[in-house]
Amino acid sequence: FRSLFECGTHAIIDAAFDGWARASEQVLARRLVHALDAGMLLLADCNFRGWQLWGLAASGGAHLCWRVPACQVFTPLQDLPDGSYTAIMPTPAEARRGWAARRAGQPVPRAGHLVRVIPYTVIAASPGGSARTESFRLVTTLLDCQQAPAGQLAALYHQRWEAEGGYAELKTRLRGTGFTLRSRTPELACQEMQAFLVVAQALTTLGYQAAAGAGLDPAQISFTTTIRITRDHARTQATTQTPAGLAHARAQATTDILNDLLPPRRDRSYPRVKKPPPNTYPHRKNTPATPPGPITYTIQITPPPPAQPP
């Protein structure tokens with residue numbers, strides 16, 4: 001399951017889903033590029049890097065700002081005043097020729113997408129005095145450093161984590177803990193997923209309209225509170241049978257949502273670390289238990305090593 005989220009409101013622009021074994025995240029991302037329009041800025045992590053997907057996403061006129069890993073090489077073409085530089089995102093064939101050219105000390109080929117590379121470092125300092133440093137590198141189609149300074153894009157990229165909040169709202173808060181899809185066929189499972197997407201979009205729209213009417217940041221609207229209040233009003237369906245009753249119920253729901261706002265967000269630091277495996281023992285196979293055999297045990301005392309001469 002992949003989707004395009006609007007960072008400010010968590011509105012779902014488009015979504016694509018398929019069987020777990022049939023489509024990877026990169027394949028699903030290709031099904032979403034048609035929803036990108038001019039005036040959009042698409043943020044993505046380094047899992048979606050690639051010359052082909054970059055070209056597809058930029059073909060609709062949207063601007064891109066994606067993170068790339070440290071192993072991807074970009075040869076600077078022009079250094080810019082804000083610390084960024086322009087480079088070429090090569091095709092796969094040109095990338096292989098570029099490795100050979102660098103080893104031989106020859107000029108690097110310049111066939112591919114012209115991009116702007118923004119390297120930067122984030123230092124997260126805690127009140128106790130400890131600090132954690134992490135390096136990032138972004139590539140973007142915004143080549144003008146006056147129009148889009150490197151510092152602003154670096155700060156804006158971290159809004160990409162709003163998509164994780166959108167996934168949490170859709171998969172955890174709306175669906176509920178321990179809930180699985182009831183459908184037993186792929187067609188009905190898709191229909192059920194579309195129903196979840198429709199309900200999530202309706203709740204997000206209600207929360208956004210409540211925030212816009214009060215002049216608030218949409219981040220202060222609690223999605224969980226919106227679900228609870230909407231569910232409470234949906235139980236009294238008799239009051240929503242007429243347009244006047246529906247408008248009254250909507251206004252009352254908006255008031256209830258604004259009366260239970262989230263506090264301002266605080267800055268947090270959570271280092272990304274790899275969890276250790278639970279154990280190193282091999283998994284037991286589902287085979288019949290072997291009958292007991294004539295096993296004998298022998299205990300042998302290991303003699304100490306010989307003493308060293310003085």
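These numbers were taken from a predicted model, which means no experiment stands behind them. Here, residue 1 is the first one in the sequence, and each next residue gets the next number.
- Surrounding CD of Gln146 are at most 12 heavy atoms belonging to other residues, nucleotides or ligands under 6.0 Å away.
- Between Thr225 and Leu261, every side-chain heavy-atom pair lies at or beyond the 4.5 Å cut-off.
- Neither Leu53 nor Val27 shares a network with the other; the hydrophobic side chains, linked directly or stepwise wherever heavy atoms of I, L, V, M, F, W or Y lie under 4.5 Å apart, form separate groups for each.
- Heavy atoms only, all atoms of each residue included: Ala62 and Thr141 are closest at O-OG1, 4.5 Å.
- Note that CG of Leu64 is 9.5 Å distant from CG of Leu43, once rounded to the nearest 0.5 Å.
- Atom CZ of Arg231 and atom CD1 of Ile227 lie 6.5 Å apart (nearest 0.5 Å).
- Put simply, the side chain of Phe17 reaches to within 4.5 Å of the side chain of Cys190, judged on heavy atoms.
- Residues Pro119 and Ser84 share a closest heavy-atom pair of CD-CA, 4.5 Å.
- Side chains of Gln159 and Leu156 form a contact here, defined as non-hydrogen atoms less than 4.5 Å apart.
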Exercise. Could you give me the CA-CA distance, side-chain angles and deciding distance for Asp256 and His233, then say whether side chain to side chain contact (heavy atoms under 4.5 Å, CB included) is met?
Key: CA-CA 11 Å; Asp256 295 340; His233 284 278; 3.4 Å; yes
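- What you find for Ile123 and Thr133 is that their closest heavy atoms are CG1-OG1, 3.9 Å.
- A side-chain N or O of His10 and one of Glu169 form a donor-acceptor pair less than 3.5 Å apart.
- Distance CG/Leu56 to CZ/Arg31: 14.0 Å, rounded to 0.5 Å.
- A distance of 10.0 Å separates CZ of Arg67 from CZ of Arg137, quoted to the nearest 0.5 Å.
- Atoms CD and CE, on Gln52 and Met89 in that order, are 12.5 Å from each other to the nearest 0.5 Å.
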Quiz item: Would Ile12 and Leu4 count as a side chain to side chain contact (heavy atoms under 4.5 Å, CB included) if you check the C-alpha gap in whole Å, the side-chain angles of each, and the deciding distance to 0.1 Å?
Solution: CA-CA 6 Å; Ile12 303 172; Leu4 291 174; over 6 Å; no
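- The side chain to side chain donor-acceptor pair (under 3.5 Å) check on Thr140 picks up nothing, with sequence neighbours excluded.
- For Asp14, the salt bridge (charged side-chain N to carboxylate O under 4.0 Å, His left out) criterion is met by no residue, not counting sequence neighbours.
- Nearest approach of Leu197 to Ala15, heavy atoms of both residues: CD1-CB, 3.8 Å.
- Counting only distance, with no hydrogens or angles, the side chain of Asp82 and the backbone of Pro149 share no donor-acceptor pair below 3.5 Å.
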Quiz item: Does the pair Tyr85 and Phe74 meet the rule for a ring pair (Phe, Tyr, Trp, His ring centres under 6.0 Å), with working shown?
Solution: CA-CA 10 Å; Tyr85 59 89; Phe74 290 97; 7.7 Å; no
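- Scored by the side chain to side chain donor-acceptor pair (under 3.5 Å) test, Gln152 finds no partners at all (sequence neighbours excluded).
- In this structure, the side chains of Leu41 and Leu142 come closer than 4.5 Å at one or more pairs of heavy atoms.
- Residues Trp66 and Ile118 do not share a hydrophobic cluster, clusters being chains of Ile/Leu/Val/Met/Phe/Trp/Tyr side chains in contact below 4.5 Å.
- Residues Val115 and Met40 share a hydrophobic cluster, clusters being chains of Ile/Leu/Val/Met/Phe/Trp/Tyr side chains in contact below 4.5 Å.
- Under a hydrophobic clustering in which Ile, Leu, Val, Met, Phe, Trp and Tyr are joined whenever their side-chain heavy atoms come within less than 4.5 Å, directly or via other members, Leu28 and Val33 fall into different clusters.
- For residues 134-158, the ring-ring contact (aromatic ring centres under 6.0 Å, His included) pairs, not counting sequence neighbours, are Tyr120-Phe136, Phe136-His158.
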Quiz prompt | side chain to side chain contact (heavy atoms under 4.5 Å, CB included) between Leu77 and Leu114, worked out | solution = CA-CA 10 Å; Leu77 298 179; Leu114 179 63; 4.1 Å; yes
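- In the hydrophobic clustering of this structure, Leu153 does not group with Val139; members are Ile, Leu, Val, Met, Phe, Trp, Tyr whose side-chain heavy atoms approach within less than 4.5 Å, directly or through other members.
- Considering every non-hydrogen atom in both Ala87 and Val117, the closest pair reads CB-CG2, 4.0 Å.
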Exercise. Take Ile88 and Thr75 through the test side chain to side chain contact (heavy atoms under 4.5 Å, CB included) and record every step on the way to the result.
Key: CA-CA 7 Å; Ile88 295 295; Thr75 302; over 6 Å; no
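- To the nearest 0.5 angstrom, Leu36 atom CG is 12.0 Å from His63 atom NE2.
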Residues 207-219, side-chain donor-acceptor partners within the protein, below 3.5 Å, at least two apart:
unit_1	atom_1	unit_2	atom_2	d
Gln209	OE1	Arg250	NH2	2.3
Asp217	OD1	Ala219	N	3.2

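- Listed by first then second residue, pairs satisfying side-chain hydrogen bond (donor to acceptor under 3.5 Å, both in side chains) with a partner in residues 35-47 read Glu25-Asn47, Gln26-Asn47, not counting sequence neighbours.
- Arg2 places no side-chain N or O within 3.5 Å of a backbone atom of Ala16 that could act as its donor or acceptor partner.
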